[in-house]
Amino acid sequence: MSAMINVNLTLPFPPSGNHMYKHTRQGHHYLTPIAREYYKSVALIVHRHCGSLELATPLEVTCTLFPPDKRRRDLDNAWKVVGDALTKCGFWMDDKWIRKLTLQWSEVQTPAVASLFIGNYVEKETTL
């Protein structure tokens, strides 16, 4: 059995996925300064809180987003940025380990944040 995982993280609210990458005329992709800064901020928070865990076990994740204002936003776009940041900083080996993902919006808040709970995924037995 793998170790018990019970992690609560409060991360900065993610920038739009549309602002993470730029493209050159030659078709190359690169991270924008906004993306590099966000990834750096997440890495600092994660490493201070729990180091580089490189988790490789089934996980359950709950992500509650507290936006900075009432503008329309895409929930899964925001999660993609957060999830990629956690992969990039070595929190988990790959987001393929997420077996259950709950995403939800909450009220507008200053500062805007992404509040996460990450724990072991426990498969529930089903009966027919």
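Counting from 1, the numbers follow the sequence of the chain as shown.
Residue pairs meeting the side chain to side chain donor-acceptor pair (under 3.5 Å) criterion with at least one partner in residues 76-85, sequence neighbours excluded, are K80-D84. Listed by first and then second residue, the salt bridge (charged side-chain N to carboxylate O under 4.0 Å, His left out) pairs that reach into residues 50-68 are E60-K100, sequence neighbours excluded. For residues 37-47, no residue pair satisfies the side chain to side chain donor-acceptor pair (under 3.5 Å) rule, not counting sequence neighbours. Counting only residues at least two apart or on different chains, no salt bridge (charged side-chain N to carboxylate O under 4.0 Å, His left out) pair has a member in residues 13-34.
Taken to the nearest 0.5 Å, the NE2 atom of H19 stands 14.5 Å off from the CG atom of L31.
Shown here are the side chain to side chain donor-acceptor pair (under 3.5 Å) partners of H29, two or more places apart in sequence or in another chain: H23. Taking the side chain to side chain donor-acceptor pair (under 3.5 Å) definition, one finds that R71 meets it with D69, sequence neighbours left out. Every residue two or more places apart in sequence or in another chain that forms a side chain to side chain contact (heavy atoms under 4.5 Å, CB included) with Q26 is listed here: T24, H28. Taking T87 as the reference, W92 meet the side chain to side chain donor-acceptor pair (under 3.5 Å) condition, with sequence neighbours excluded. With sequence neighbours excluded, the residues that form a side chain to side chain donor-acceptor pair (under 3.5 Å) with T64 are Q104.
Proximity of V81 to P15: side-chain heavy atoms (C-beta onward) are separated by under 4.5 Å at one or more points.
In this structure, F117 stands alone, with no Ile, Leu, Val, Met, Phe, Trp or Tyr side-chain heavy atom under 4.5 Å from its own, directly or through other members. Applying the 4.5 Å side-chain rule to ILVMFWY residues, one finds V113 in the same cluster as F66.
V108 and P68 get closest at one heavy-atom pair: CG1-O, 3.4 Å. Closest approach of F13 and L65 over heavy atoms only: CE1-CB, 4.0 Å. Closest approach of C50 to F91, counting heavy atoms only: SG-CE1, 3.7 Å.
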Working for side chain to side chain contact (heavy atoms under 4.5 Å, CB included), residues R73 and W105: CA-CA 10 Å; R73 290 180 170 83; W105 289 113; 3.6 Å; yes
Check the pair I5, L55 against side chain to side chain contact (heavy atoms under 4.5 Å, CB included), reporting the backbone distance first and the verdict last. CA-CA 9 Å; I5 298 161; L55 297 173; 3.7 Å; yes
Please lay out, stage by stage, how L11 and L86 fare under the test side chain to side chain contact (heavy atoms under 4.5 Å, CB included). CA-CA 10 Å; L11 303 176; L86 291 170; 4.2 Å; yes
Go through the steps to decide whether L9 and I118 satisfy the test side chain to side chain contact (heavy atoms under 4.5 Å, CB included), and finish with yes or no. CA-CA 8 Å; L9 290 171; I118 300 108; 4.2 Å; yes
